[in-house]
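Taking it in order: structure first as structure tokens, then the write-up.
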Amino acid sequence: MTDTSSNNLSSWARNVAPSPTLAVDAKAKALKAAGEDVCGFGAGEPDFDTPEFIKAACVEALNAGKTKYAPAPGIPELRAALAEKYRTENKIVGLEPSQVIVSPGGKFSCYLAILATISPGDEVIIPAPYWVSYPEMVKLAGGVPKIVFAGQESGFKINPDQLRAAITPRTRMLILNSPSNPTGAIYEENELAALVEVALEAGLFIMSDEIYEYLLYDGVQHVSPASFSKEAAEATITVAGFSKTFSMTGWRLGTLVANPQVATAVASLQSQTSSNATTFAQYGALAAMENWESSKTAIAGMLEVFDRRRLRLLEGLRAIDGIECARAQGAFYLFPKMESLGMSAEKFATKLLETEKVAIVPGEGFGAPGYMRLSYATSDEVIEKGLERLTRFCANCRKI
Ligand SMILES: *Cc1c(COP(=O)(O)O)cnc(C)c1O
């Protein structure tokens with residue numbers, strides 16, 4: 001008889017943790033479905049619809065019969081358009097379309113980048129607070145996550161000394177994510193350059209997750225590590241996708257840019273696992289690239305709304321006793337510290353959802369106990385109501 005206990009699962013399956021952000025979202029959605037008035041700050045996705053012209057291009061492709069397999073690394077027109085974007089917008093010199101891979105989601109791009117470069121026992125340096133999936137992906141490749149923490153006091157950014165101290169002979173990769181999920185923090189050009197220099201000296205790969213590159217506030221600029229030098233471009237695997245910039249999370253379209261050797265390996269891995277990203281979806285993405293002015297207008301429209309909500313949520317959180325919140329300048333998250341409220345973030349999140357029907361994501365899953373993530377990719381109404389409930393809950397916290 002088949003052993004149906006978890007002992008019978010692979011070591012990979014036994015060691016992987018489910019995504020805590022998706023779990024909170026599922027719980028909040030279940031409460032909502034049961035008729036509860038839930039204020040959801042858990043979402044990791046924009047609440048806008050995909051821009052009309054992108055949807056139209058996809059529908060057109062579907063009607064034109066673009067319903068078959070595509071080349072594993074992506075349709076050639078999209079790879080060429082992305083290469084052009086990365087050369088002009090991200091300043092990656094000499095990039096060829098053959099170095100660009102289109103995958104079924106930025107998440108899968110990250111996974112492929114790790115699978116293509118990490119062997120069992122290799123160490124990967126992951127700055128914390130980190131995106132929940134990085135350590136799990138490293139473990140799925142047999143690698144060893146090495147967490148380097150930088151809290152609110154350091155602007156949620158690691159420095160070159162911390163990086164240097166974490167490097168061992170087994171270190172193979174540094175993961176960077178600016179703007180960051182969950183903190184919204186952004187590395188400035190000189191800070192990034194200093195980290196890249198240390199990584200290059202040690203011969204590391206850099207996986208730079210730039211999925212939030214266009215979600216910037218307060219006039220800050222995004223810089224790609226691969227733009228620093230030829231050497232940096234060769235060592236860096238730049239991953240991103242259409243989900244966050246164009247509100248296309250359900251389309252499952254990610255991108256990856258790497259040196260020719262890594263790009264070829266990634267294409268092979270993809271051809272043996274997912275084959276290609278959905279064919280007609282790629283034509284929607286192509287429209288986004290080819291109509292860059294329309295894209296910029298669409299992004300600016302979303303940013304204006306995000307920015308207003310960001311400032312309102314920031315102001316509301318800062319007014320609550322026991323909560324300390326940094327002014328995040330990217331993505332659509334705030335990551336306040338709630339340590340002084342006297343309970344773990346996990347307990348706080350559970351009680352908050354139970355008593356006030358407010359969903360937040362506790363910091364533990366991001367490697368940052370004592371913090372919580374609030375997404376402002378939600379309506380003004382939810383933000384106002386949520387802040388009211390959060391204020392009441394925190395005032396009662398010490399009595400629980
Ligand atoms: C959302 C997200 C991704 C990937 O999203 P996809 O929907 O898979 O494209 C990757 N990295 C970070 C940090 C994210 O927040």
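All values below come from the heavy atoms of this structure, side chains included, with hydrogens, waters and symmetry mates left out. Whatever order the structure lists them in is the order used to number ligands and atoms, beginning at 1.
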May I have the step-by-step check of salt bridge (Lys or Arg N to Asp or Glu O under 4.0 Å) for Arg318 and Glu315, ending in yes or no?
-> CA-CA 5 Å; Arg318 283 182 168 173; Glu315 175 192 46; over 6 Å; no
Note: Asn177, heavy atoms under 4.0 Å from ligand 1, region reported as side chain
Check Phe108 against ligand 1 and report side chain, backbone, both or neither, counting heavy atoms closer than 4.0 Å.
-> neither
Does Tyr212 come within less than 4.0 angstrom of ligand 1, counting non-hydrogen atoms of the residue?
-> yes
At a 4.0 Å threshold, what atoms of ligand 1 neighbour a non-hydrogen atom of Gly105?
-> 8 (O), 9 (O)
Compute the shortest N/O to N/O distance between [X] and ligand 1 and return yes if it is under 3.5 Å, no if not.
X      : answer
Asn181 : yes
Leu253 : no
Ser243 : yes
Tyr134 : no

Side chains of Lys244 and Tyr212: do they bring a donor and an acceptor to under 3.5 Å?
-> yes
Residue and atom name of the nearest protein heavy atom (relative to [atom]), distance in Å to one decimal:
atom                    : value
atom 14 (C) of ligand 1 : Lys244 NZ, 3.1 Å
atom 11 (N) of ligand 1 : Asp209 OD2, 2.6 Å
atom 9 (O) of ligand 1  : Gly106 N, 2.6 Å

Could you give me the CA-CA distance, side-chain angles and deciding distance for Glu213 and Lys85, then say whether salt bridge (Lys or Arg N to Asp or Glu O under 4.0 Å) is met?
-> CA-CA 13 Å; Glu213 66 184 313; Lys85 170 208 135 48; 3.2 Å; yes
Please work out which of the three classes, parallel, tilted or perpendicular, describes the rings of Phe306 and Phe332, given edges at 30° and 60°.
-> tilted
Assign the ring pair Tyr371 / Phe335 to parallel, tilted or perpendicular, where the plane angle (0 to 90°) is split at 30° and 60°.
-> parallel
Pair Lys296 + Glu293, salt bridge at N-O below 4.0 Å | yes
Derivation of the salt bridge (Lys or Arg N to Asp or Glu O under 4.0 Å) call for Glu234 and Lys230 | CA-CA 6 Å; Glu234 277 167 8; Lys230 188 163 172 286; 3.3 Å; yes
Can the ring centres of Trp292 and Tyr214 be said to be less than 6.0 Å apart?
-> yes
Ignoring hydrogens, just give me the one of Lys107, Arg252, Glu45, Glu210 whose non-hydrogen atom is nearest atom 4 (C) of ligand 1.
-> Lys107
